[in-house]
J.: 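Have a look at this one.
Note that the structure is a prediction, hence the values are computed from the model and not measured.
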Amino acid sequence: YLVVCSVGTALAILAAILPWPRTDLQEVDQDVNSIRVALTTMLRQVVITYNGEPQQATIRSKLVKGFRIINETLGQVNAKLERVWWEGFDLGSRGHVRYLISSYVK
């Protein structure tokens, strides 16, 4: 009995020390968040351009940079979404999240 309790205690301590695994779904969430930030920034730049601010050349370059970032990130998100299926086999909330994100990025 003492051996079983000792092994259980050691495993509990070890489980608390080990880091949480990094999943592709978490990375997809971060990528989608960066797309959201880029779109918000681009929308602000469009509003500034529409209001007639004189810095149109720099705003245009910022918009081009934003489109480039979004295109690169969307390519990464699509590749990661294909791998996310293997993390949870589309069961439960992971399947719903994967479906919703994939419909968002299409």
Side-chain angles (χ1 to χ4, degrees):
Y1 182 75
L2 182 62
V3 174
V4 173
C5 288
S6 299
V7 169
T9 303
L11 287 175
I13 292 171
L14 184 63
I17 294 173
L18 291 175
W20 192 258
R22 188 100 177 118
T23 63
D24 282 328
L25 189 59
Q26 292 169 339
E27 291 180 17
V28 165
D29 185 41
Q30 289 178 350
D31 290 343
V32 169
N33 194 26
S34 69
I35 290 172
R36 182 190 55 80
V37 169
L39 284 173
T40 303
T41 304
M42 290 171 56
L43 181 61
R44 285 187 187 140
Q45 297 303 325
V46 167
V47 169
I48 289 171
T49 303
Y50 182 75
N51 287 333
E53 294 291 327
Q55 308 161 352
Q56 288 187 3
T58 59
I59 291 173
R60 188 172 295 132
S61 67
K62 287 180 183 179
L63 289 175
V64 169
K65 180 182 176 185
F67 280 123
R68 190 176 306 122
I69 289 171
I70 289 172
N71 283 335
E72 291 172 1
T73 307
L74 281 176
Q76 294 171 359
V77 166
N78 286 328
K80 289 176 186 174
L81 278 174
E82 292 176 7
R83 294 191 310 251
V84 166
W85 187 88
W86 292 100
E87 292 178 358
F89 304 110
D90 270 356
L91 299 174
S93 64
R94 287 181 171 267
H96 295 293
V97 169
R98 181 181 172 275
Y99 172 75
L100 292 173
I101 291 177
S102 64
S103 64
Y104 174 73
V105 298
K106 285 183 181 178

J.: Going hydrophobic residue to hydrophobic residue with side-chain gaps under 4.5 angstrom, can you get from Leu43 over to Val32?
T.: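 Looking at the clustering, Val32 is in a separate group from Leu43.
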
J.: Just verifying a value: how many Å separate Arg83 CZ and Asp24 CG, rounded to the nearest 0.5 Å?
T.: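 Interatomic distance, Arg83 CZ to Asp24 CG, rounded to 0.5 Å: 4.0 Å.
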
J.: Mind checking what makes ring pair (Phe, Tyr, Trp, His ring centres under 6.0 Å) contact with Tyr1, not counting sequence neighbours?
T.: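 Partners of Tyr1 under the ring pair (Phe, Tyr, Trp, His ring centres under 6.0 Å) test: none.
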
J.: Quick one: are Gln45 and Met42 in side-chain contact, heavy atoms under 4.5 Å?
T.: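 They are not in side-chain contact.
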
J.: Taking all non-hydrogen atoms of both residues into account, name the closest pair between Val28 and Val84 and its distance.
T.: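 For Val28 versus Val84, the nearest heavy atoms are CG2-CG2, 4.3 Å.
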
J.: For Arg44, which residues count as a side chain to side chain donor-acceptor pair (under 3.5 Å) partner, sequence neighbours excluded?
T.: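 Once residues adjacent in sequence are excluded, Arg44 has no partner under the side chain to side chain donor-acceptor pair (under 3.5 Å) criterion.
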
J.: Output the distance between atom CZ (Phe67) and atom CG (Leu39), rounded to the nearest 0.5 Å.
T.: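 These two atoms lie 8.5 Å from each other.
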
J.: Inspect the surroundings of OH in Tyr99 and state if more than 12 heavy atoms from other residues, nucleotides or ligands are less than 6.0 Å away.
T.: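 No, OH of Tyr99 has 12 or fewer neighbouring heavy atoms, counting only those of other groups under 6.0 Å.
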
J.: Share the residues that join Ile69 in a hydrophobic cluster, the rule being Ile, Leu, Val, Met, Phe, Trp or Tyr side chains under 4.5 Å apart at the heavy-atom level.
T.: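 Ile69 clusters with nothing; isolated.
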
J.: According to side chain to side chain donor-acceptor pair (under 3.5 Å), who are the partners of Gln30, at least two apart in sequence or on a separate chain?
T.: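 Checked Gln30 against side chain to side chain donor-acceptor pair (under 3.5 Å); matches are Arg22.
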
J.: With a 3.5 Å distance limit and no angle check, can you tell me whether Asn33 reaches the backbone of Asp29 through a side-chain donor-acceptor pair?
T.: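 Checked: no pair found.
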
J.: Got a second to check how far Lys80's NZ is from Thr73's OG1, nearest 0.5 Å?
T.: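 Answer for the NZ-OG1 pair, Lys80 versus Thr73, is 8.5 Å.
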
J.: Of the non-hydrogen atoms in Ile70 and Ala38, which two are nearest, and what is the gap between them?
T.: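 For Ile70 and Ala38, the tightest heavy-atom pair comes out as CG1-CB, 3.9 Å.
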
J.: Mind checking who shares a hydrophobic cluster with Leu11, ILVMFWY linked at side-chain heavy-atom distances under 4.5 Å?
T.: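 Noted: Leu11 shares its cluster with Val3, Val7.
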
J.: Checking Asn71 against Arg68: is there a side-chain donor and acceptor pair closer than 3.5 Å?
T.: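 Asn71 and Arg68 do not have a side-chain donor-acceptor pair below 3.5 Å.
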
J.: State, with a plain yes or no, whether a side-chain heavy atom of Leu18 is found less than 4.5 Å away from one of Leu14.
T.: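 Side chain of Leu18 against side chain of Leu14, heavy atoms only: contact under 4.5 Å found.
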
J.: Return the minimal non-hydrogen interatomic distance between Thr23 and Arg94, and the atom names on each side.
T.: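 Scanning both residues, the minimum pair turns out to be CG2-NH2, 4.2 Å.
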
J.: Under 4.5 Å between side-chain heavy atoms, chaining through other members, with only Ile, Leu, Val, Met, Phe, Trp and Tyr counted: pull out the rest of the cluster around Ile13, sorted by chain and number.
T.: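 Ile17, all in the cluster of Ile13.
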
J.: Can you tell me how far CZ of Arg98 sits from CG of Leu25, rounded to the nearest 0.5 angstrom?
T.: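 Output value for this atom pair is 10.0 Å.
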
